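Here's the structure, in structure tokens; my notes come after.
Just so you know, these numbers come straight off a predicted model, no measurement behind them. Along the sequence shown, the residues carry numbers beginning at 1.
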Amino acid sequence: MNIEIVAKALKELGHPTRLAVYKQVMKAGPSGVAVGKLGENIGIPNSTLSHHISSMVSANLISQHREGRILHCIANYEMRENVLNFLQDECCVDSQF
């Protein structure tokens with residue numbers, strides 16, 4: 001995994017509102033959660049929510065899927081695993097134990 005990709009993902013998750021949105025999307029599982037429900041759960045206006053979702057989509061943390069008039073946000077679990085693995089991959093490799 002490229003360090004720039006990981007840095008962008010971590011940057012997007014470094015904002016409290018985006019982290020709250022991401023946690024809600026992760027909790028929803030593979031079927032995702034409707035954007036309207038996200039706004040209700042977190043208590044932010046749709047325009048603000050849209051801005052935060054767009055940032056996370058650009059970092060490949062979530063994707064969106066439309067069913068009729070309902071837009072769902074779905075977590076990219078592979079990206080989450082890649083970021084976590086990147087952070088852990090070389091843990092303690094230089095240790096002298």
Side-chain angles (χ1 to χ4, degrees):
M1 171 126 298
N2 182 307
I3 196 166
E4 284 83 16
I5 293 170
V6 173
K8 179 163 178 54
L10 293 173
K11 174 187 170 248
E12 298 307 334
L13 293 174
H15 188 283
T17 301
R18 284 193 286 274
L19 186 56
V21 169
Y22 187 69
K23 288 205 41 107
Q24 289 287 314
V25 173
M26 292 291 295
K27 286 168 46 175
S31 61
V33 61
V35 171
K37 184 71 172 165
L38 277 173
E40 288 174 21
N41 290 348
I42 296 171
I44 61 174
N46 285 343
S47 59
T48 303
L49 178 59
S50 177
H51 166 75
H52 290 300
I53 290 171
S54 176
S55 295
M56 288 187 289
V57 167
S58 75
N60 202 23
L61 292 164
I62 63 173
S63 62
Q64 295 183 300
H65 172 73
R66 183 171 295 279
E67 283 185 23
R69 297 183 64 186
I70 300 173
L71 186 61
H72 293 270
C73 290
I74 303 152
N76 181 342
Y77 294 99
E78 183 178 352
M79 179 63 160
R80 182 201 63 185
E81 287 301 312
N82 288 342
V83 169
L84 292 174
N85 287 339
F86 179 87
L87 294 172
Q88 294 177 332
D89 274 349
E90 296 181 8
C91 179
C92 304
V93 296
D94 291 338
S95 177
Q96 306 258 332
F97 293 115

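- Looking at E12 and K8, a side-chain N of the basic residue comes within less than 4.0 Å of a carboxylate O on the acidic one, giving a salt bridge.
- Partners of A7 according to the side-chain contact (heavy atoms from CB on, under 4.5 Å) rule, which considers only residues two or more places apart in sequence or in another chain, do not exist here.
- The line from OG1 of T48 to CD1 of I42 is 11.5 Å long, rounded to the nearest 0.5 Å.
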side-chain contact (heavy atoms from CB on, under 4.5 Å) between L87 and L10, intermediate numbers included: CA-CA 11 Å; L87 294 172; L10 293 173; 4.3 Å; yes
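- When the side chains of ILVMFWY residues are joined at heavy-atom separations under 4.5 Å, either directly or via intervening members, V83 and L19 end up in a single hydrophobic cluster.
- Here the straight-line distance linking atom CD1 of I74 with atom NE2 of H65 works out to 6.0 Å at 0.5 Å rounding.
- Rounded to the nearest 0.5 Å, atoms CD1 (I53) and SG (C73) are 3.5 Å apart.
- Cluster annotation: Y77 is connected to M79 through the hydrophobic network of ILVMFWY side chains, with a link wherever side-chain heavy atoms come within less than 4.5 Å.
- Pairing each heavy atom of A59 with each of A9, the nearest pair is CB-CA, 4.2 Å.
- The cluster map of Ile, Leu, Val, Met, Phe, Trp and Tyr, joined by side-chain heavy atoms under 4.5 Å apart, puts I70 and V21 in different clusters.
- Between the CD1 atom in I3 and the CD1 atom in I5 there is a gap of 11.0 Å [rounded to 0.5 Å].
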Decide yes or no on side-chain contact (heavy atoms from CB on, under 4.5 Å) for N76 and S63, but give the supporting numbers first. CA-CA 7 Å; N76 181 342; S63 62; 6.0 Å; no
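- Within the model, atoms CG of L71 and CD of Q64 stand 4.5 Å from one another, a figure rounded to the nearest 0.5 Å.
- If you take CD1 on I62 and NE2 on H72, they are separated by 13.0 Å, rounding to the nearest 0.5 Å.
- Considering every non-hydrogen atom in both A28 and S31, the closest pair reads O-OG, 3.8 Å.
- Listed by chain and number, the residues in a side-chain hydrogen bond (donor to acceptor under 3.5 Å, both in side chains) with H52 are R18 (sequence neighbours excluded).
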